[in-house]
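What follows is one structure encoded as structure tokens, with my remarks underneath.
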Amino acid sequence: MDFAVLHDWDLDPRQAVALQRELAQQVRLMPTVAESPATVAGVDVSYEKHGDHFFAAVVVLDFATLNVVDQAWADGWVDFPYIPGLLSFRELPVLLAAFHRLKTVPDVVLVDGQGIAHPRRIGLASHLGLWLNLPTVGCAKSRLCGVHDEPGVMRGEAAPLLLADEVVGMVLRTRERVKPLYVSPGHLTDVASATRLTLACTRRYRMPEPTRLAHHLTNQLRRAALSS
DNA sequence: GCGACAG
DNA sequence: ATCTTGTCGC
């Protein structure tokens, strides 16, 4: 499975929404993900402001030490437009291409985006989880949908994210007095474990180490390609 | 109809 | 997401 194949979804936005409604039924929320996974991966994508050349990276860390144990990347061209709610149709293909080059299979994957905190309960993290058949967690920097109170200012404090009176995630403070993260389960996990895992992977920065490192790698790849 | 709107 | 320099606060 390479990028060309993955990219050939050939869907228009309307068909993408229909596909999401189908796939959303396959998303499984488990009472808990492995209490202490051996490895945790982070994924991210970057590209030029008005460009279609995408770079994806996946970094695998040892959960206990947060040391990098494996990583891979891929690039490709995307034509699907950015539409709130349809992000996965832009980022998933190149992300899966990067995953395919990984030698390791992580126990859980942290994603830069929403999980079930999505209008149709299938954000990028959930969609990726279905493809990989792995537990995934959505760690978004901002809100797509849902309502919530402001969480306390201390690290670890959180406020439930509600969508149609349902708790779909947590607005989690990963650093004292710093803008909180929108954490939601992607697939094969649940709100509580997604929140615990995200906090356990967060150290000195707002973003958890796995996605933060993936973001870093993805940026240097793009800048390297830009200067050549 | 109007406003919101991951990356 | 990305464009961009300095600057305010812990």
Side-chain angles (χ1 to χ4, degrees), chain A residues 7 13 16-17 20 23-24 27 42-58 73-96 98 109-130 136-148 153-155 161-164 168-187 191 194 198 202-208 210-227:
Chain A
H7 184 253
V17 168
Q20 285 186 324
L23 294 176
V27 173
V43 300
D44 193 33
V45 172
S46 84
Y47 45 88
E48 296 296 322
K49 188 176 185 178
H50 283 141
D52 56 356
H53 193 186
F54 281 42
F55 294 83
V58 47
W73 66 274
D75 68 328
W77 283 261
V78 177
D79 53 29
F80 199 93
Y82 171 69
I83 298 170
L86 298 180
L87 178 65
S88 58
F89 294 87
R90 272 168 76 77
E91 302 200 345
L92 209 44
V94 68
L95 220 37
L96 290 170
V109 184
L110 266 47
V111 182
D112 212 317
Q114 314 288 351
I116 62 169
H118 176 280
R120 290 168 292 283
R121 308 293 204 278
I122 181 164
L124 177 60
S126 300
H127 205 152
L128 178 65
L130 286 176
T136 53
V137 173
C139 301
K141 296 182 295 300
S142 62
R143 187 190 70 94
L144 171 60
C145 60
V147 295
H148 65 87
V153 299
M154 300 302 289
R155 165 185 162 85
L161 178 61
L162 303 168
L163 223 183
V168 295
M170 288 291 205
V171 182
L172 175 68
R173 194 82 67 178
T174 55
R175 286 201 67 190
E176 192 174 332
R177 263 166 305 213
V178 167
K179 190 179 192 289
L181 247 41
Y182 289 75
V183 179
S184 61
H187 183 50
V191 173
T198 299
T202 305
R203 292 285 179 271
R204 191 162 180 264
Y205 303 91
R206 179 195 180 211
M207 298 302 293
T211 53
R212 195 179 70 80
L213 294 178
H215 185 263
H216 214 216
L217 176 54
T218 213
N219 270 324
Q220 65 185 51
L221 288 169
R222 180 174 54 79
R223 288 155 62 183
L226 185 63
S227 64

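Here is how names work: the chains are called A, B, and so on, in the same order as the sequence lines, proteins then strands, and each is numbered from 1.
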Quick check: does any side chain N or O of A/R222 sit under 3.5 Å from a backbone N or O of A/F54, one acting as donor and the other as acceptor? no

Side chain to side chain contact (heavy atoms under 4.5 Å, CB included), paired with A/L87, selected from A/L92, A/V45, A/L124: A/L124

Taking only the side-chain nitrogens and oxygens of A/K141, find out if one of them lies under 4.0 Å from OP1 or OP2 of B/dG7. yes

So A/G138, base contact, sugar-phosphate only, or nothing? Heavy-atom distance under 4.0 Å. nothing

Please report the distance, rounded to the nearest Å, between CG in A/L128 and C1' in B/dA6. 14 Å

Under 4.0 Å, counting only non-hydrogen atoms across every strand here, what does A/R222 touch: a base, just sugar-phosphate, or nothing? sugar-phosphate

Return the nearest nucleotide to the side chain of A/Q114; candidates are B/dG7, B/dA6, C/dC3. B/dA6

Report yes if at least one side-chain N or O of A/S142 is closer than 4.0 Å to OP1 or OP2 of B/dC5; otherwise report no. no

Taking the side chain of A/E48 as heavy atoms from C-beta outward, which of C/dA1, B/dG7, C/dC3 is closest to it? C/dC3

Is the ring of A/Y82 stacked on the base of B/dG7, with centres less than 5.5 Å apart and planes under 30° off? yes

Expressed as a whole number of angstroms, how long is the span from A/L144:CG to C/dA1:P? 14 Å

Verify the contact: side-chain N or O of A/R90 to OP1 or OP2 of B/dA6, cut-off strictly under 4.0 Å; return yes or no. no

Considering only heavy side-chain atoms of A/L124, the closest of B/dA6, C/dC3, B/dC5 is B/dA6

With heavy atoms under 4.0 Å as the rule, sort A/L86 into base, sugar-phosphate or nothing. base

Any Lys/Arg nitrogen of A/K141 or A/D112 sitting under 4.0 Å from an Asp/Glu carboxylate oxygen of the other? yes

Please answer whether the main-chain N or O of A/R206 pairs with a side-chain N or O of A/T174 as donor and acceptor at a distance below 3.5 Å. yes

Taking A/S184 for the side chain and A/Q114 for the main chain, is one N or O donor matched with an acceptor at less than 3.5 Å? no

Determine: side-chain N/O of A/N219 to OP1/OP2 of C/dT2, distance under 4.0 Å, yes or no. yes

Candidates B/dA4, B/dA6, C/dC3 - which lies nearest the side chain of A/A140: B/dA6

Respond yes when some side-chain nitrogen or oxygen of A/H50 is under 4.0 Å from OP1 or OP2 of C/dA1, and no when none is. no

At 4.0 Å (heavy atoms only), tell me whether A/H215 reaches a base, stays on the sugar-phosphate, or touches nothing. sugar-phosphate

Using a cut-off of less than 4.0 Å, is there contact between a side-chain N or O of A/R143 and OP1 or OP2 of B/dA6? no

